[in-house]
Structure formats: structure tokens, C-alpha cells
Amino acid sequence: MSKAEKGMGLSALAMMIFTTVFGFANGPVAFYLMGYGSIVFYVIAAILFFIPFALMMAEYGSAIKGENSGMYKWLEVSVGPRFAFIGTFMWFASYIIWMVSTASKVWIPFTTAFAGSDQTQKLGMFGLNSTQMVGLLACLWMVLVTFVSIKGVKGIIKITSLGGLAVTSLNVILVLVSGVILVANGGKLAQPLNHVMESPNPAYQTPISLLSFAVFAIFAYGGLEAIGGMVDKTKNPEKTFPRGIMLSALIISVGYALGIFLWGVSTNWDSVLSGDSTNLGNISYVMMNNLGYELGRGLGLSTATALTIGNWFARYTGIGMFLAYSGAFFALTYSPLKTLIMGTPKKLWPKKFTELNKNGMPSYAMWAQCLLVVGIILLASFGTPNPSAFYRILTLMANVSMTLPYLFLIYAFPKFKQKNDLERPFEAFKNYKWTVIISVVVFVLVLGANAFTIFQPMLEGMGAHDTIWMIAGPVGFTVLGIILYQNYARRSDKAEK
């Protein structure tokens, strides 16, 4: 039996893509920022971004194979080594910002698991406010994870994978509990279903702020670059893969839409989410706590009992999210860095960066990475006025940095299609003219979403503080990438002479 015959069928492929892309926390964030209106953005992002971009990644992955196949190789073959390195370095930089953001946010589920609610805003001590204390704890977390990861302990990742199962189960809890609450309340929604495109959040009332939400919708479909490696594992990929993309896009967009709608069953924005203590860091735990509380009220239990149920819902969410964050953190502390160093020419890097320890880890490079992350955390935590501003900036920085590398892959795709020396076992885009048109549309969508997000604070008179934070990372890492490559090119030229 051939490999194609042994591969994944349509349903298995769709579920694989679903588990790679779908994120539980994206629903609460969307409802908090845009209410029911976020559903429209998520559906548009599925049609204009998810489907075409996923098919592009599939074409890259099927045509450019090998042990070191990945973003660098795709861009190098399509455009050239300089473009490939800068694009891949930007991709790596997005994980640096992710670590900055997650190291700070990981303490929210940790404290919620014990107390039933976010306690990080009460951590002020030694003359430091709570944001600064969280920053110091985030630095401690980064150092600890780096130290443990260098030892190569894979068992921790297996244990923390239980967190992934717990987070997945939250989707089931949301559906079942919301159904009970809806019946108990006689079909009445906590958040009225009117003026769908008007956000209940005061910060999202202008056309510019609404358009800036698009980057959250694109971020909700993140992880698509991993899909490129699934083509070879698919049965009859020419037919199955496009169908799998379409089916998974339908499942994921319906999943997000249903989740956002169901949050409106238990959560009234003004009464639950408008307080100063609610922010983009703790929104999932606030809403899960309220879900449990409303379940108790719907079942006719006392207020004290309902509050206890809410606290236990939040605790369960905290445990699951903490384990999931931990597992992802241990893996991503070394995986992107190792991919960057091993997947690019070794002469690009200082010699010590390319050396692996007895556990197969680039320990020197990992400590350098740790130092960089700690530095950014300290700047962010001591440079923002309050927790809401801190988590808003971290979330926006992560969204922008994670979506900008897509621009390199989208820009390179028409050039990739012009390469005639590649064997293409899978082709979704067969007409070059339409390839260019679709690539331009997706490129403009991603670029526009990021531009509105980055410049919204300045355009709406809120100053340049947030804008500077969002562009500092991409600009800084781009400059660093150019310097590294220029030094490599100069050394290569000297060696040839």
C-alpha cells in the first residue's frame, strides 16, 4: 500500500488542523474587546486569511522537503538567503515576545488555581507595585525554565500536556453549562443581542479601533505554518487537503462564533467585565468564574454556593492553563531557537551559539535568549503605569510580532510559484494571475490589521507610548537580523578572496 493510501483522511486532517489552530482563550478575549461583533471579524478572517494562507503553507511544505525544511528554506528557495534570514529571524523574534508576554501572564492562572481568582494585582510589596512584582516573578520564571530546559527534561512536557487536555475540556464545559443556564433563564441572554457591530467596550467605539481588532482575528488562526508538514501525511492530498482546509475553516470559525455567542449567555459586559481589575491577562478566568456563578444561580442555589462554584470553575481553568502554559514554555524555550540556529548557515552565529551540550541543547544561546527576555520584561513591567496597561501592551506586542512574519511568507509565495525546478505533488493555486491577486489581498489584510493596531493609539490621541512598544520589537529585531547577515556576508566574501 502506498504512503498516500496510508495517510490521513478528510476528517482526521480537519481535526489535526483544528487542534493546531483553535485556542480556547481567543473566545473570551474577543467577547471582552468586541462582544458579539467579533464573530463577524473571525468569519471574515477565516475566509480571507485562514483558507488561502493555509493552502500556501501546504504548497511550500509539499514542494520544499528535507530535514531542514521550514520557513528559512522556503524563503531561501523562493527569494534568497538574505530575505530568508531576516524573515526567519522575525519569526524567532515573535517567540521572544511570546515568552515575554507568557512569563508575565503565567502567574495569573497560578494564583487563580489556589485562590479562585486573579491575585496578581495584590502582589505589591517592598515598595514595588503589583506590575513590577509580576515582572520580577516573570524574570524568575524565565531563568528557572531556561535552567531546567537546558537539562533536557522531556518528562515535564509530557506531564504538562495534561494541561492541554484540561483546556480542551473547557470548551465542552462552556457548551454544556451555557445550555443549562440558557434553559434556566428561560432563553434570556445576559448580554442582549442587539447592535451586533457596536462593541460594549468603550475602547472599541471608533472605526479605527474596530479595524484594529482584525489583528486579534488573524492571531486566532495562528500556527498555520505548521500545516505545511501535513501534506505528505495526507491520503490523496490533491483532493483531500483543500477539502480539509475548507472543512477545518468551517469548524474553527463556527467553533469561535458559537463560543463567543455562548459567553453572552452568562456574561453581561457592563456588570461583569467593566471593572478596573479585568484585563487581557485575566479575562478567561474572570469569565469562567462568572460562568460557574451563573450556573449556581440558574439552579436556584444560594449566593454563597454559587460563588463557591464560580471559584472552583476558575481554579480548574487556572490549573489547566498553568500546565498548558508551562508545557508550551518548556518546549518553546529551546525549539524555535534551535530551529533558527540549526536551520540557517552556522557561520551566521557566534561559535558558542551553535555548540550543543550533552542533552542536545544550545545552552549558551539559550542563556543569551534568557537574558534578552528578562531585559524586555523589566523594561515593560517598570515602564507601564498599571496592570491593565501592562497586559494590554504585552498582548498587542505578541499579536503584532506573531502575525508580522506571515508577511514574508505571503510576499514570497508568487515568487515561489515561478520556480520551475521544483516538484509539486500538491498545487492549490494553478493560475498565476489569481495567485498574485490572492497573495496581494492576504498581504494587505495582514499588513492593514497590524498597521491599524500599531497606530490606533496615536490616531485616537492616546499618545505614542503603546505604538512605540509595538514597533520596538519588530524594528529592533529586523535591524539586528540585518546586522547579523551583513557580518556573515562580509566574512564569506573575505573567505572567498
Side-chain angles (χ1 to χ4, degrees), residues 92-114 118-120 123-161 163 281 318-319 321-341 349-350 352-384 387 390-391 393-395 397-398 401 469 472-473 476-477 480:
F92 164 73
S94 70
Y95 284 100
I96 293 288
I97 302 301
W98 181 89
M99 283 186 272
V100 170
S101 176
T102 305
S104 305
K105 291 179 179 179
V106 75
W107 298 101
I108 296 175
F110 182 80
T111 59
T112 302
F114 290 99
D118 173 23
Q119 300 296 304
T120 58
L123 291 177
M125 59 184 76
F126 309 124
L128 300 174
N129 63 37
S130 61
T131 305
Q132 292 164 344
M133 281 302 301
V134 167
L136 293 177
L137 287 171
C139 294
L140 177 64
W141 172 262
M142 187 65 206
V143 171
L144 176 65
V145 171
T146 300
F147 176 78
V148 173
S149 296
I150 283 172
K151 304 295 182 184
V153 285
K154 296 179 180 176
I156 291 178
I157 298 173
K158 292 179 181 178
I159 294 169
T160 52
S161 65
I319 292 168
M321 293 294 280
F322 178 76
L323 290 173
Y325 275 151
S326 301
F329 216 108
F330 278 101
L332 294 175
T333 300
Y334 68 86
S335 182
L337 180 63
K338 195 172 179 181
T339 299
L340 177 72
I341 292 173
W349 307 103
K352 281 184 172 289
F353 275 45
T354 61
E355 294 174 357
L356 302 180
N357 64 14
K358 62 182 181 180
N359 298 308
M361 298 293 181
S363 54
Y364 190 89
M366 287 173 71
W367 279 120
Q369 173 184 261
C370 177
L371 189 64
L372 179 60
V373 172
V374 165
I376 298 173
I377 289 171
L378 290 175
L379 282 172
S381 58
F382 281 80
T384 47
F390 180 56
Y391 291 115
I393 287 171
L394 289 180
T395 302
M397 282 172 61
S401 65
W469 271 109
F477 280 105
L480 181 57

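- For the pair M99/I96, a side-chain contact is recorded, criterion being any heavy-atom separation below 4.5 Å from C-beta on.
- In L371, the CG atom is not crowded: 12 or fewer heavy atoms of neighbouring residues, nucleotides or ligands sit closer than 6.0 Å.
- When all heavy atoms are compared, the tightest approach of S381 to Q132 is O-CG, 3.7 Å.
- Taken from CD in E355 to OH in Y364, the straight-line distance is 10.0 Å, to the nearest 0.5 Å.
- Between W98 and Y95, the ring center distance fails the sub-6.0 Å criterion.
- For the pair Q369/T333, a side-chain contact is recorded, criterion being any heavy-atom separation below 4.5 Å from C-beta on.
- Proximity of I108 to V134: side-chain heavy atoms (C-beta onward) are nowhere separated by under 4.5 Å.
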- Query: Hey, mind stepping through W141 and W107 against side chain to side chain contact (heavy atoms under 4.5 Å, CB included) and telling me if it holds?
  - Reply: CA-CA 9 Å; W141 172 262; W107 298 101; 4.0 Å; yes

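- Between T131 and F382 the shortest side-chain heavy-atom distance does not fall below 4.5 Å.
- Distance OG1/T146 to CD1/I150: 6.5 Å, rounded to 0.5 Å.
- Using cut-offs of 30° and 60° for the angle between ring planes, the W349 and F353 rings count as parallel.
- Residues V143 and C370 form a side-chain contact, since some pair of their non-hydrogen atoms from C-beta on lies under 4.5 Å apart.
- Distance SG/C139 to CD1/I376: 10.5 Å, rounded to 0.5 Å.
- The distance from the CZ atom of F92 to the CD1 atom of I97 is 10.0 Å, given to the nearest 0.5 Å.
- Scanning both residues, S401 and S94, for their nearest heavy atoms gives O-CB, 3.0 Å.
- For P109 against G318, the heavy-atom pair with the smallest separation is CB-O, 3.3 Å.
- Contact annotation: the side chain of S149 approaches that of M366 to within less than 4.5 Å [non-hydrogen atoms, C-beta and beyond].
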